[in-house]
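Scroll down for the structure; my scribbles are underneath it.
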Amino acid sequence: MLGPTRLLVALALAPLLVFGAPADFAVQPEADQTRLAASSDGLDWRKSGWADPRLGGGQMLDFTLPDLGEPINVIISGLSDPFILTHEGLHRYAKSIGFSEECLGMHMGNLHEADLGDGDGRKVEQFLARQHYFPIWGTCWESLRGGNHFRAWRQNGTEANSGAWFLAASKEKYVGEHHTIDDDGYNLGRDFIVERAAAGGRWKNRWWKADVEWKEGLLEPGSEGVNHDIEQDGRVAILTVRRL
């Protein structure tokens with residue numbers, strides 16, 4: 001015979017035994033558990049130095065046109081030299097790998113937006129750098145001849161304040177072809193940055209060199225949703241830039 005205490009416990013548990021656990025205690029399907037685990041890992045930007053924008057409602061294509069975008073294919077990790085994570089620092093670092101500000105400080109082309117899933121929603125590009133062919137007016141030549149360039153956005157919203165820079169890199173044609181992207185321009189633009197960053201470079205008295213990690217799965221390979229209908233391989237380069 002049950003004592004008074006055990007009887008009360010049995011009566012309290014009876015609904016669970018008859019009707020099953022309430023929704024709040026239900027065991028989640030394996031697929032949901034996997035998704036939540038991936039979300040937790042992806043948003044742990046303190047360890048990775050960046051957060052997957054998709055987990056916060058963003059995407060790895062920028063917003064070039066209402067239904068088309070260009071791939072965000074390089075990430076400068078928030079674990080990099082803290083100076084580079086500032087606006088001034090990114091400008092100086094860009095110069096160390098062969099880029100600089102736009103010709104005479106004048107912007108050419110549309111302003112692109114990106115949603116990095118950090119809680120800020122869509123934000124306008126914060127830096128547009130063009131290949132610097134030679135010391136004086138070097139980016140002006142890029143504006144005419146074509147070449148490599150990148151747009152940058154910083155992931156620093158309230159939901160994912162990693163400080164990482166997200167770059168959309170590409171190689172474009174000369175002005176006579178309206179600066180359209182080269183046939184393999186998204187891959188080529190990304191690889192140009194990666195090669196320079198891995199080799200190391202300097203601007204004035206500062207030297208940097210990057211460790212490179214390649215990520216797949218952040219971007220879908222192919223041309224679906226991609227501006228100019230140009231295919232790209234879906235690979236994203238994660239750069240951790242060290243000051244030497």
Side-chain angles (χ1 to χ4, degrees), residues 44-53 58 60 62 70-107 111-120 122-139 142 147-170 189-215 236-244:
D44 191 4
W45 46 264
R46 293 173 182 83
K47 292 182 179 179
S48 64
W50 58 279
D52 182 343
M60 290 292 286
D62 73 11
E70 299 192 351
I72 297 173
N73 47 18
V74 178
I75 299 173
I76 298 178
S77 163
L79 303 180
S80 299
D81 174 12
F83 178 66
I84 285 178
L85 304 180
T86 67
H87 287 271
E88 179 188 356
L90 181 63
H91 283 236
R92 293 194 183 186
Y93 178 64
K95 292 178 179 180
S96 78
I97 57 173
F99 292 86
S100 192
E101 294 83 2
E102 292 191 88
C103 175
L104 303 178
M106 297 185 297
H107 178 73
L111 290 172
H112 294 204
E113 297 181 343
D115 185 345
L116 304 182
D118 59 1
D120 282 350
R122 289 166 60 163
K123 60 181 82 176
V124 177
E125 63 191 61
Q126 295 166 291
F127 183 34
L128 173 55
R130 297 188 180 278
Q131 187 173 348
H132 199 224
Y133 282 100
F134 38 79
I136 301 176
W137 292 3
T139 56
E142 192 277 344
N148 294 281
H149 69 292
F150 70 83
R151 291 174 166 84
W153 300 264
R154 193 175 180 213
Q155 188 178 60
N156 61 345
T158 56
E159 299 299 319
N161 188 15
S162 71
W165 286 107
F166 283 65
L167 278 51
S170 59
R190 175 202 61 205
D191 292 349
F192 181 85
I193 291 177
V194 171
E195 289 170 6
R196 295 293 187 93
R202 71 177 178 91
W203 175 249
K204 295 187 175 179
N205 63 336
R206 297 175 190 259
W207 292 78
W208 293 282
K209 189 173 184 178
D211 298 323
V212 183
E213 178 185 3
W214 291 96
K215 284 284 185 182
V236 177
I238 314 296
L239 306 180
T240 302
V241 182
R242 298 175 289 105
R243 186 171 174 182
L244 303 178

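- The number of heavy-atom neighbours closer than 6.0 Å to NZ of Lys209, taken from other residues, nucleotides and ligands shown, is 12 or below.
- Between His91 and Phe127, the ring planes are parallel. Angles under 30° get that label, and only those over 60° would be called perpendicular.
- Residues Trp153 and Glu125 meet the side-chain proximity criterion, which asks for heavy atoms closer than 4.5 Å.
- Considering Val236, Val74, Leu116 as possible partners of Phe166, the one that fulfils the side chain to side chain contact (heavy atoms under 4.5 Å, CB included) test is Leu116.
- The nearest pair of heavy atoms linking Leu79 to Gly49 is CG-CA, 3.8 Å.
- The shortest side-chain heavy-atom distance between Glu88 and Phe83 falls under the 4.5 Å cut-off.
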- request: Take Leu85 and Arg154 through the side chain to side chain contact (heavy atoms under 4.5 Å, CB included) test and state the conclusion after the steps.
  value: CA-CA 8 Å; Leu85 304 180; Arg154 193 175 180 213; 4.2 Å; yes
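- In this structure, the side chains of Asp115 and Met60 stay at 4.5 Å or more apart for every pair of heavy atoms.
- Judged by distance alone, with hydrogens and angles left aside, the side-chain atoms of Trp45 form no donor-acceptor pair with the main-chain N or O of Ala164 at under 3.5 Å.
- When all heavy atoms of Ala210 and Leu239 are compared, the pair lying nearest together is CB-CB, 4.3 Å.
- Under the 3.5 Å distance criterion, the side-chain polar atoms of Arg196 are matched with a main-chain donor or acceptor of Ile97.
- Contact annotation: the side chain of His149 never approaches that of Gln131 to less than 4.5 Å [non-hydrogen atoms, C-beta and beyond].
- Rounding to the nearest 0.5 angstrom, the gap separating the CG atom in Leu244 from the CZ atom in Arg202 is 12.5 Å.
- Using cut-offs of 30° and 60° on the angle between ring planes, the pair Phe192 and Phe99 is perpendicular.
- Annotation: Lys95, atom NZ; neighbour count of heavy atoms from other residues, nucleotides and ligands within 6.0 Å is above 12.
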task: In sequence, state the C-alpha distance, the side-chain angles, and the governing distance for Arg242 and Asp81, and then conclude on side chain to side chain contact (heavy atoms under 4.5 Å, CB included).
output: CA-CA 5 Å; Arg242 298 175 289 105; Asp81 174 12; over 6 Å; no
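- Annotation: the span from Lys215 atom NZ to Asp52 atom CG amounts to 9.5 Å, rounded to 0.5 Å.
- The distance between the ring centers of Tyr93 and Trp203 does not fall below 6.0 angstrom.
- Checking side-chain atoms of Arg151 against main-chain N and O of Ala169 turns up no donor-acceptor pair under 3.5 Å.
- Separating the CD1 atom in Ile75 from the OG atom in Ser162 is a distance of 8.5 Å, to the nearest 0.5 Å.
- Taking the side chain as every heavy atom from C-beta outward, Asn156 and Asp120 approach each other to under 4.5 Å.
- Annotation: the span from Arg206 atom CZ to Ile84 atom CD1 amounts to 9.5 Å, rounded to 0.5 Å.
- For Asp62, the side-chain hydrogen bond (donor to acceptor under 3.5 Å, both in side chains) test picks out Thr64, His112, with sequence neighbours left out.
- Between Arg92 and Trp208, the shortest heavy-atom distance links the atoms O-CZ3, 4.1 Å.
- Here CG of Leu128 is found 12.5 Å from CD of Gln126. Values are rounded to the nearest 0.5 Å.
- At least one side-chain heavy atom of Val194 sits under 4.5 Å from a side-chain heavy atom of Trp214.
- Taking the side chain as every heavy atom from C-beta outward, Ile193 and Leu167 approach each other to under 4.5 Å.
- Side-chain N or O atoms of Glu213 include none that pairs as donor or acceptor with a backbone N or O of Ala237 at under 3.5 Å.
- Evaluation of the salt bridge (Lys or Arg N to Asp or Glu O under 4.0 Å) rule for Arg243 yields no partner, not counting sequence neighbours.
- Considering every non-hydrogen atom in both Ser77 and Ile238, the closest pair reads CB-CG2, 4.3 Å.
- A distance-only check finds a donor-acceptor pair linking the side chain of Asp118 to the backbone of Gly157 [under 3.5 Å].
- Between Thr240 and Val212 the shortest side-chain heavy-atom distance does not fall below 4.5 Å.
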